[in-house]
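A short worksheet on the structure shown next.
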Amino acid sequence: MWSADHNEFLESMADASESIVRYFKENIVYINVMCNMSVDCDCCAEAEDPAIADIGILCSTDPVALDQACIDMVYASNDPGKPHLLERIESRNGVHTIEAAAALNIGNRDYDFIDLSNH
């Protein structure tokens, strides 16, 4: 069951996302909660403790830009747990789903960041 090509699996997540984006069109807002980030998948029964401090909540009407902004925020973090999280992301080609989604034209990896934390 778990013998599929890893990159093809990541691309299939982008494919599944495409169907949601195409169905809802502009009638959806995407929200990522960057809290309790572990190196393990959310689906893991016994995930490791969080590797990096909470960063915050991001939202966008572009799911690709949103995920790219989250990855960029992890890279920009000064948290001492960042290397552990980045090792997991990079060793699993974690950005590939973002790349595949951009290739499907369901969003854009470019974004303008608007910080509302002081409002």
Side-chain angles (χ1 to χ4, degrees):
M1 178 169 127
W2 299 107
S3 61
D5 176 85
H6 185 70
N7 282 344
E8 287 180 7
F9 170 72
L10 296 174
E11 291 162 10
S12 74
M13 288 195 292
D15 291 339
S17 298
E18 180 186 26
S19 64
I20 295 166
V21 171
R22 299 286 182 235
Y23 179 80
F24 285 105
K25 298 179 178 67
E26 69 279 347
N27 298 313
I28 192 168
V29 174
Y30 304 90
I31 300 171
N32 285 2
V33 180
M34 298 181 71
C35 299
N36 294 323
M37 292 185 292
S38 170
V39 297
D40 289 320
C41 175
D42 293 346
C43 62
C44 184
E46 295 182 29
E48 278 194 44
D49 290 336
I52 190 171
D54 295 349
I55 293 177
I57 300 171
L58 284 75
C59 67
S60 178
T61 56
D62 182 328
V64 178
L66 177 61
D67 285 348
Q68 185 64 56
C70 289
I71 288 290
D72 292 346
M73 290 186 81
V74 169
Y75 274 99
S77 170
N78 293 323
D79 190 279
K82 174 176 86 170
H84 187 53
L85 182 58
L86 288 180
E87 185 282 327
R88 184 62 64 99
I89 292 168
E90 292 171 356
S91 69
R92 306 299 195 278
N93 200 12
V95 178
H96 189 59
T97 304
I98 299 171
E99 296 166 342
L104 292 170
N105 294 315
I106 62 173
N108 192 317
R109 293 179 74 181
D110 296 326
Y111 59 88
D112 293 319
F113 188 82
I114 301 169
D115 185 353
L116 300 176
S117 62
N118 294 323
H119 293 1

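Shown here for Asp79 and Ala51, the closest heavy-atom pair between the two residues is OD1-O, 3.8 Å. Contact between His84 and Val39 at its shortest, heavy atoms only, is CD2-CG1, 3.3 Å. Closest non-hydrogen pair, Pro80 versus Pro83, comes out as O-CD, 3.3 Å. Annotation for Cys59 and Ile31: closest pair CB-CG1, 4.0 Å, computed over non-hydrogen atoms. The minimum heavy-atom distance between Ala14 and Ile106, with the atom names listed, is O-CD1, 4.2 Å. Across Tyr30 and Pro63, no two heavy atoms sit closer than the pair CE1-CD, 3.4 Å.
Across Asp54, Ile57, Ile52, Val74, a single residue satisfies side chain to side chain contact (heavy atoms under 4.5 Å, CB included) together with Met34, and that is Val74.
Rounding to the nearest 0.5 Å places CZ of Phe113 at 10.0 Å from CG of Asp72. Atom CD1 of residue Ile89 and atom OH of residue Tyr75 lie 6.5 Å apart, to the nearest 0.5 angstrom. Distance check: Asp112 CG to Asp62 CG gives 11.0 Å after rounding to the nearest 0.5 Å. To the nearest 0.5 Å, atom CG of residue Leu85 and atom CD1 of residue Ile71 are 7.5 Å apart. For the atom pair CE (Met37) and OG (Ser77), the distance works out to 7.5 Å, reported to the nearest 0.5 Å.
Counting non-hydrogen atoms of other residues, nucleotides and ligands closer than 6.0 Å to CG of Asp115 gives a total above 12. For Tyr23, the OH atom is loosely surrounded, since the number of other residues' heavy atoms within 6.0 Å does not exceed 12.
Between the side chain of His96 and the backbone N or O of Glu11 there is no donor-acceptor pair closer than 3.5 Å. Side-chain atoms of Ser17 come within 3.5 Å of backbone atoms of Met13 as a donor-acceptor pair (strictly under, hydrogens ignored).
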Verdict with reasoning, Val95 to Arg109, per side-chain contact (heavy atoms from CB on, under 4.5 Å): CA-CA 11 Å; Val95 178; Arg109 293 179 74 181; 3.5 Å; yes
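Under the 4.5 Å side-chain criterion, counting only non-hydrogen atoms from C-beta, Asn108 is not in contact with Val64. The closest side-chain heavy-atom distance from Ile28 to Ile20 is below 4.5 Å.
Placement of Phe24 and Leu66 within a single hydrophobic cluster is found when ILVMFWY residues are connected by side-chain heavy-atom separations under 4.5 Å, directly or transitively.
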